[in-house]
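The next block holds one structure in the form of structure tokens; read it before the comments.
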Amino acid sequence: MQRNTCYNFYEKVEANIGAVFARYGRLVARHPWKVILVTILVNGLLSIGMIRLHVETDVRTVYTPMNSEANKDSDRVKTLFPDLSGSNFVGLQQLPDLGRQAEVIIRAVSGNVLDASVLAEVEKIYNYIRETTINKMGTSIKFSDICARNAFGCAIEGDFFFSPEFMSAVRTDNVTFPYFHHSTLGPIYYESLVGAFSSNGTHLISAQMLRLTFNIRTDKPNFEYIVSWQNEFVSRMKSFYSPTIEITYMHSKSMEDELDRNISGDIVLFSITFTLMITYACFATFTSRCDVVGQRANLGYPGVIAAGIAITSSFGFVSACGLSFVSIVGVVPFLIIGIGVDDMFILLSGLAGAQGKGSVEDKIAETMRTSGVAITITSVTDLLAFVAGASSVFISVRNFCIYTGVAVIFCYLNQATLFLACLALHEKRVDTNRHFMTCLPVGTKDEGNYQEKSRIYKLCCTGSPPKSRTEAESFLDKFPGWFIPKLVLKLPLKILILVIFAGYLAVSIYGITIIEQGLELKHLVSETSYFYKYRHWLDDNFRSFTPVSFVIPNTVLYASNVTQDNIDKVLKRATSNPSVKNNFQINWLTSYQQSPFYDDSSEYNFVSSLESRFLAHPLYQRFKNDIVIDTVSKRITVSRFYVLSENLKSTTQQGQLMLDMRDVAKSSFISIFAFSPAFIFYEQYVEVLPQTLQTVGIAVGIVFFVTVLFMPHPLLLIYVTITVVMIMIGILGFLPFLGLTLSTITMIHIIMSVGFSVDYAAHICHGFMISDGNTRNERVKEAVMRSGAPIFHGAASSFIGIITLVAATSYIFRSFFGVMVLVIAFGLAHAIFFLPVVLSLIGPHKNKRDNTRTESINSNNLSLEMQAGSKMSLT
């Protein structure tokens, strides 16, 4: 009873929807030229919106969560503390963000920079950078005009390496470590400034690399000439040569500049993809009958073009609405071109199934009655998956999903208008027996006038309309239905296939347990980029320490022992964390207590002495960055203290550090918050997994809801659910084996794969449910005959759509290629191997009554099932 009810409901849903599409098909068949002209005009007008295309490359904006706690804390720090970068810059104590700088890493060719001749070369490059000059409107601008400053001049980290005292220590093998005690500058903590070093705990023995950081003032946000100077810095670094040292370099905007340049270069690959797709489309539609009248090869052109103009019109529309173009959106054309070609194959298969109908209107109506439903189901599931992704807190994910979702809509509309109108024109030509190349009337091979013509003449100049699906199909359409059943219907091979898939699940689950989270910044640019080289040297050779500040944003009584004890407990709890150095603090309160200026007789005297004596002393001026004093009331309104993390390379460790330090701050009875500029990027490490699970969960829920509406059968839903879960486990589990992490980039790929995975599974299952046969094997064979060819075409066109990305220099494009290969391979494998085997073993039985009713269903759904799988395109 339940099965019959489900079938009845399905028939009613499909009949009603199919009737609407059939009426629309008749309308297009009557006015094909009008539809073509209107579609091209609308797409052209929408494409004009691309003049408003704005590319957003700021990494903080695009790849970190919107309105995150770290971003809010950064804004609070900017408000609470003055920017003293133009007068009292102190590296660890200065910035609410990563600031502005130019940096160079120097590697000794000899393998050790602790050599007088190498350090002399270091001094040369130091002077070379300081002499970098630009000319603007007759004014020469040097680094000294834009540099961050402290009491000693321009704030350059590492400038002590070639000082006489350090050089003397090098000559005598007495370089103390990790502090170098300079007579003028005081103790200098430089552990993060040397790379690939060795030490005995108290002294530095050797180091292969060191780095110099030229800090640029930030107290004037629109400070003139900084960008021009940084660009000139890069130009001069490219031309620098020394036989003694090698260098790599960057500045604070290098990543954004290189990201923009990298994506622009890789998008050129789309022209190659477009050509390959047209070639495949024409080849795959070449009919096996080799008939000049029924030949469909030319239909590949409008199918691909319809998808191509959908890309420009959707980009124009979204750009006109003011949404920024982000780097990951660069893969959308490769995705949409594949989806469009799959829709084309669905419609072509529907047209092949309509051969033998009466008029051209009847054929187009039948095509839309069956294939219109198919492309609607798959387009809606894909669209809604992206709608779910549009709710993400990551701008990169949100903007990608919006751009792609709109492109899916436009691609669907173009196929249902422009390409459908071209099908109508094609059928009008066929109906009047005209040549597919010249459109001139030709005779049939059986006509008396052509009986004595040569075979070549008959082949090239005679023909007739196809009378059945077999005559209209291409060679490629016939292959899957012949080959696949030979593999999946023999018991030994069934067992082998199940064993292979069990191994696949085991490997995938293991992969999930070792997957890393987060996005390494060097992966946002090309491997040929100077910034990639810089990050590679930095990440592999230098230690990464994160300074964490504990900010007291309100006025408290600092002379009170209760307040001082609370601050001490917070800092002790922070430094007791295994991820934090237990012997490092920047603590103005402790320094004040140990100074001869300390006065805690009253809050007024405490603050007065702090302001007029302690902070005025050259040794303690650096603490001016950490204390804000109300000079009228003699109260400290804001202050902060610092701890320093251990060398943390793992993104998991970095994310946990942020969470732990926030917990420490919350344990205080006075208001304190923990902040580090690095936390802005660490937020993605703790947000990406819950965001992925939440977004994918929403996407799966929406997609299955649509599946239930269009294909309402409980068994079908069960099979689809199991298969989609297996595909998603495989995609996640194989990410580590591709060298990928769970990041905002791969999160986009995973969201995108949800809708497509449903398509792969649903159509082969549905084909089985409506197939005839007395045994499960017979029904599986028929299901493969119905769905195999479109699924094959979908996978092939999807792969062709992304194959050029293997040559991309962008990590974003190459990771997209890698994940899409997984989706295509796993989706195809589940659709043509796993599901047929499972259905042949434990698929639902069908009684005679069902078989009788299926005959009527088959006549209505044959075309739908033979193409629906083709939508399994760029998944």
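The model shown is predicted, which means the values in this text are computed figures rather than measured ones.
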Indicate whether the side chain of Tyr682 and that of Ser68 have a donor and an acceptor atom separated by less than 3.5 Å. no

Is the Phe177 to Tyr190 ring centre distance short of 6.0 Å? yes

Can you confirm whether or not the ring centre of Phe597 sits under 6.0 Å from the ring centre of Tyr592? no

Residue pair Ile247 / Trp537: nearest heavy atoms and the distance that separates them: C-CZ3, 4.1 Å

Is it the case that the side chain of Thr79 and the backbone of Asp75 share a donor-acceptor pair, with hydrogens and angles ignored and the cut-off at 3.5 Å? yes

Charged N to carboxylate O below 4.0 Å: is that the case for Glu157 and Arg211? no

Does Thr218 offer a backbone N or O that forms a donor-acceptor pair with the side chain of Ser85 under 3.5 Å? yes

So which atom in Thr575 and which in Lys572 form the shortest heavy-atom distance, rounded to 0.1 Å? OG1-O, 3.2 Å

Return yes if some donor-acceptor pair links the side-chain N/O of Asn71 with the main-chain N/O of Met66 below 3.5 Å, else return no. no

Is a side-chain donor-acceptor pair under 3.5 Å present for Thr172 with Asn174? no

Counting C-beta onward and ignoring hydrogens, is there a side-chain heavy-atom pair between Glu246 and Val109 closer than 4.5 Å? yes

Side chains of Ser579 and Glu646: donor-acceptor distance under 3.5 Å anywhere? no

Within the 6.0 Å centroid threshold, strictly below: Tyr179 and Tyr189: yes

In this structure, are over 12 heavy atoms from other groups packed under 6.0 Å from Lys581 atom NZ? yes

Plane angle bin for His617 and Tyr620 - parallel if under 30°, tilted between 30 and 60°, otherwise perpendicular: tilted

Side chains of His54 and Glu56: closer than 4.5 Å at any heavy-atom pair? yes

Go through the steps for Phe143 and Ile129 under the test side chain to side chain contact (heavy atoms under 4.5 Å, CB included), then give the verdict. CA-CA 8 Å; Phe143 175 72; Ile129 294 172; 5.7 Å; no

Are Arg217 and Asp219 within salt-bridge range, i.e. N to O under 4.0 Å? yes

Going by the side chain to side chain donor-acceptor pair (under 3.5 Å) test, which pairs reach into residues 161-171, not counting sequence neighbours? Glu165-Ser183

Check step by step if ring pair (Phe, Tyr, Trp, His ring centres under 6.0 Å) holds for Tyr534 and Tyr249. CA-CA 6 Å; Tyr534 161 81; Tyr249 47 88; 8.8 Å; no

Would a distance-only check, ignoring hydrogens and angles, find a side-chain to backbone donor-acceptor pair under 3.5 Å from Gln593 to Ser595? no

Roughly how far, to the nearest 0.5 Å, is the CD atom of Glu258 from the CZ atom of Phe531? 9.0 Å

For Gln585 and Thr590, test the side chains for any donor-to-acceptor distance below 3.5 angstrom and give the result as yes or no. no

Any cation-pi pair here, Arg640 with Phe81, using under 6.0 Å and within 45°? yes

Expected output: side-chain Ser549 to main-chain Val551 donor-acceptor under 3.5 Å: no

Distance (rounded to the nearest 0.5 Å) between Asp568 CG and Arg573 CZ: 14.0 Å

On a heavy-atom basis, the closest approach of Thr132 and Phe233 is CG2-N, 4.0 Å

Should Arg535 and Asp539 count as an ion pair when the cut-off is N to O under 4.0 Å? yes

Nearest 0.5 Å, please: how far is CD1 in Ile515 from CG in Leu742? 5.0 Å

What is the distance from atom CD1 of Ile125 to atom CG of Asn127, rounded to the nearest 0.5 Å? 10.5 Å

Quick one: CD1 on Ile156 to CZ on Phe89, what's the gap to the nearest 0.5 Å? 11.0 Å

Without hydrogens or angle criteria, can the side chains of Ser254 and Tyr530 be said to hold a donor-acceptor pair below 3.5 Å? yes

Measure from the ring center of Tyr63 to the ring center of Phe394 and say whether it is less than 6.0 Å. no

Can Lys142 and Glu131 be said to form a salt bridge (Lys or Arg N to Asp or Glu O under 4.0 Å), step by step? CA-CA 6 Å; Lys142 292 185 176 182; Glu131 292 166 1; over 6 Å; no

Looking at Val326, is its backbone amide N or carbonyl O close enough to the side chain of Ser324 to form a donor-acceptor pair, meaning the two atoms are under 3.5 Å apart? no

Do Asn112 and Ser110 have side-chain atoms, one donor and one acceptor, less than 3.5 Å apart? no

Do Asp145 and Tyr225 pair up side chain to side chain, a donor and an acceptor below 3.5 Å, judged on atom types alone? no

Does the ring centre of Phe816 sit less than 6.0 Å away from the ring centre of His749? yes

Just wondering, do His251 and Val234 contact through their side chains at under 4.5 Å, heavy atoms? yes

Looking at every non-hydrogen atom in both residues, tell me the closest pair between Leu80 and Pro553 and how far apart they are. CD1-CB, 3.9 Å

Could you check whether any side-chain heavy atom of Val643 comes within less than 4.5 Å of a side-chain heavy atom of Phe550, counting everything from C-beta outward? yes

Verify whether one side chain among Thr64 and Gln684 offers a donor that lies under 3.5 Å from an acceptor in the other. no

With rounding to the nearest 0.5 Å, note down the distance linking OG in Ser815 to CG in Leu740. 6.0 Å

Between Val580 and Ala574, which heavy-atom pair has the shortest distance, and what is it? CB-O, 3.3 Å

Of the options Leu210, Leu212, Thr213, Thr248, which is the one that meets Ile105 in a side-chain contact (heavy atoms from CB on, under 4.5 Å)? Thr248

Shortest non-hydrogen contact from Thr546 toward Ser676: CG2-OG, 3.3 Å

Does one side chain, of Asn150 or Asn88, offer a donor that lies under 3.5 Å from an acceptor on the other? no

By side-chain hydrogen bond (donor to acceptor under 3.5 Å, both in side chains), Ser144 pairs with (sequence neighbours left out) none

Should Ser140 and Asn135 be marked as a side chain to side chain donor-acceptor pair (under 3.5 Å) after you check the CA-CA gap, both sets of side-chain angles, and the distance that decides it? CA-CA 5 Å; Ser140 295; Asn135 291 296; 2.8 Å; yes

Taking Lys72 first and then Glu69, would you say they form a salt bridge - that is, a charged N and a carboxylate O separated by under 4.0 Å? no

Any side-chain heavy-atom pair of Leu98 and Arg60 under 4.5 Å: no

Would you say Ile636 and Val628 make side-chain contact, with heavy atoms under 4.5 Å? no

Taking NZ, NE, NH1 and NH2 as the nitrogens, is one of them in Glu516 or Lys649 under 4.0 Å from a carboxylate oxygen of the other? no

If you define the side chain from C-beta out and look only at heavy atoms, does anything of Gln654 sit under 4.5 Å from Tyr685? yes

Do Leu193 and Phe161 come within less than 4.5 Å of each other through their side chains, counting heavy atoms only? yes

Between Asn215 and Gln101, is there a donor-acceptor pair closer than 3.5 Å when you use the side chain of the first and the backbone of the second? no

Any idea how Tyr126 and Phe162 line up, ring-wise: parallel (<30°), tilted (30 to 60°), or perpendicular (>60°)? tilted

